[in-house]
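A quick write-up on the structure given underneath.
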Amino acid sequence: MKNTIFSKSVLTIAAIAFVFAFSSCNKNADRFKEAAMNLDKTHLTLEWEYDYWPDGGIRNIGGHLASLISLSDLEKMLPCPLYVSGPHHDGEWDFYSDEFGHYNPEAIKYLDDLAKKVMSDKKFVAASKPLVDKYLYRQMLCMMVIHDFFYDEEFADTDYREYLFNEALENYGYSDEVSYYLGNIYIEEVFQDDSYIYWNFNYEFFNWWARRWKDGTIDLFYDGLSTIFKAYHPEYEYDFNKYYFMEEYDEWDWDFFEETEYSCDLDDDEPIADNERIKEKEAIEIFRNAVTNLDKTVLVLANEFDYWPECGLRVMGGHLFSLISLRSLNRMLPCDLYVSGPHYYNRWNLESPWDYGHYNPKAITYLGNLAKKVVADKQFVENTKPLVDQYLKRQMLIMKGLYDGLNNPEICPDKQAVLDDMMRRNGNLFLEFEDCPSCTLLGDLDLEDGSYVYGNTGEMFLYWWARRNDDGTMEQFHDILETVYNAYYGE
């Protein structure tokens with residue numbers, strides 16, 4: 001099981017470098033060029049991975065480029081070892097270690113020199129540019145801007161930059177402060193293509209640079225990346241004021257972050273008045289109508305890669321919200337849905353790194369009673385079962401499997417330790433940590449159905465249960481899950 005954003009051992013930007021590197025040996029040079037001209041013929045070489053290509057991060061890119069030139073073949077082309085330490089060996093990457101690969105500066109310098117030679121071939125650059133722009137340009141641009149931003153003295157001096165790098169390295173790739181600044185970087189060329197590459201993978205890009213700072217190769221890698229990127233895009237110039245929107249943030253149109261149809265005017269986001277409440281009978285019909293339209297949803301969250309229905313909780317919620325808005329849900333309840341947290345009455349704030357919504361137990365009890373009445377109609381259940389099979393069953397199975405695993409002492413001898421571990425890590429973890437109770441549980445449970453929903457997002461399902469344990473609604477939500485699941489799959 002692997003995390004697509006923060007893997008402890010990533011297939012790195014070296015993969016980009018070696019695709020274009022020009023060896024003094026004609027045989028190697030021809031192979032590099034041939035690989036570059038076959039970027040449209042790659043396949044993913046990693047197991048248990050959702051394939052975002054060409055909209056993925058470093059890990060996904062590396063997994064594809066390795067189908068053109070493997071790690072073993074690359075190492076044979078170098079005059080020295082690629083790594084000086086780390087878990088990778090014998091021509092294979094090891095993704096289950098608590099270490100990451102420390103690159104050999106001599107090897108990266110060699111690749112830099114090769115990159116300069118191949119990029120001097122203007123005919124090759126012109127011939128390969130359409131493929132590079134399609135498959136690698138956006139990720140390279142993100143890498144360039146992130147590096148340039150954090151190395152801008154207008155933003156950070158050496159001490160503060162190193163503090164941020166250490167924050168990422170010591171917190172499994174996540175840092176509240178780094179998150180804050182990454183969230184204020186705006187890369188128009190990436191945002192306007194609706195790929196969400198920056199929003200989905202900016203942590204991965206930053207964490208990769210942090211690792212290169214740690215192993216002492218960050219300057220060498222930046223030189224190589226700059227050589228390649230500017231050969232294809234000589235117009236690139238970093239400008240702090242172009243990419244950093246901190247001062248103008250409050251003036252932005254909120255529709256940039258929320259789909260216009262579902263965004264709300266925060267000034268008008270008032271509590272639910274008594275005369276707005278939806279009566280129980282009408283609420284039941286609204287839920288039934290939503291289920292019958294599971295095949296007609298849209299993703300209402302901006303800056304998200306849409307892999308519905310083979311998706312995690314966040315994207316699933318983003319689709320279901322197009323059927324029943326948060327305000328409509330609040331109107332169905334006799335009380336507020338949340339007792340605390342960052343959310344509004346008609347809009348979730350999913351970008352808060354410091355807080356999350358604490359559900360109101362009274363509201364969840366009420367929703368549980370509604371759920372029982374919604375699925376009490378056997379004909380409705382029979383008619384909608386094909387839709388539930390396609391759009392919700394796999395997520396419900398993961399939720400059930402994790403809950404059952406947590407409560408099985410033979411599988412999980414210390415439930416609270418797992419839940420506490422998830423809260424401490426903010427849901428960001430890797431199975432390679434042998435002393436991680438969450439990692440052990442996720443690895444021991446066999447909940448993969450071939451869609452990789454569990455493999456890619458299982459830790460976030462577990463994190464959701466940890467939050468429900470923290471806000472005291474875990475058992476109530478489990479009761480709702482059992483009610484719905486048993487109605488459709490009780491046999």
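Both backbone and side-chain heavy atoms feed into the values below; hydrogens, waters and symmetry mates do not.
Side chain of Q390 to main chain of P309: no donor-acceptor pair is present (N/O by atom type, distance under 3.5 Å, no hydrogens or angles). Y198 places a side-chain N or O within 3.5 Å of a backbone atom of L182 that can act as its donor or acceptor partner. No donor-acceptor pair under 3.5 Å is formed between the side chain of E167 and the backbone N or O of E170. The main-chain N or O of M460 is never found under 3.5 Å from a side-chain atom of T457 such that the two would form a donor-acceptor pair. A donor-acceptor contact shorter than 3.5 Å links the side chain of S322 to the backbone of V298. Side-chain N or O atoms of H358 include one that pairs as donor or acceptor with a backbone N or O of Y356 at under 3.5 Å. For W209 (side chain) and M143 (main-chain N/O), a donor-acceptor pair under 3.5 Å exists by modelled atom type. No donor-acceptor pair under 3.5 Å is formed between the side chain of Y151 and the backbone N or O of R161. A donor-acceptor pair under 3.5 Å is absent between the side-chain atoms of N207 and the main chain of Y203, judged by distance alone. In terms of modelled atom types and a separation under 3.5 Å, the side chain of Q139 and the main chain of P54 share a donor-acceptor contact.
Within a 6.0 Å radius of NZ in K214, other residues, nucleotides and ligands contribute 12 heavy atoms or fewer. More than 12 heavy atoms of other residues, nucleotides or ligands shown are found within 6.0 angstrom of NZ on K41. More than 12 non-hydrogen atoms from other residues, nucleotides or ligands lie less than 6.0 angstrom from CD of E153.
The shortest distance between side-chain heavy atoms of Y454 and L402 falls below 4.5 Å. You'll find the side chain of D215 stays beyond 4.5 Å of the side chain of Y83, heavy atoms only. Here the side chains of L462 and S438 are in contact, with some heavy-atom distance below 4.5 Å. No side-chain heavy atom of N60 sits less than 4.5 Å from a side-chain heavy atom of E204. Put simply, the side chain of H319 reaches to within 4.5 Å of the side chain of V315, judged on heavy atoms. Proximity of M399 to W465: side-chain heavy atoms (C-beta onward) are separated by under 4.5 Å at one or more points. The shortest side-chain heavy-atom distance between T297 and W308 falls under the 4.5 Å cut-off.
Relative orientation of the F149 and F240 rings is parallel, given thresholds of 30° and 60° on the angle between their planes. The aromatic rings of F155 and Y181 lie perpendicular to each other, with more than 60° between the two planes, well past the 30° mark. The aromatic rings of W53 and Y135 sit parallel to each other, their planes meeting at less than 30°, with 60° as the upper class boundary.
For the residue pair Y232/S128, the side-chain donor-acceptor check at 3.5 Å is satisfied. Residues Y222 and D148 have side chains that bring a donor and an acceptor to within less than 3.5 angstrom of each other. The closest side-chain donor-acceptor pair between Y238 and D152 falls under 3.5 angstrom.
Salt-bridge formation is detected for the pair K33/D121: a Lys NZ or Arg NE/NH1/NH2 atom is positioned less than 4.0 Å from an Asp or Glu carboxylate oxygen. Classification of D421 and R425 as a salt-bridged pair holds, one side-chain N sitting under 4.0 Å from a carboxylate O.
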### Task
Before giving the answer on salt bridge (Lys or Arg N to Asp or Glu O under 4.0 Å), spell out for K109 and D113 the whole-Å C-alpha distance, their side-chain angles and the decisive distance to 0.1 Å.
CA-CA 6 Å; K109 180 63 169 62; D113 292 340; 3.0 Å; yes

### Query
Taking it one step at a time, do D51 and H43 satisfy side-chain hydrogen bond (donor to acceptor under 3.5 Å, both in side chains)?
CA-CA 9 Å; D51 194 357; H43 64 270; over 6 Å; no

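In this structure, Y338 has its ring center closer than 6.0 angstrom to the ring center of Y359.
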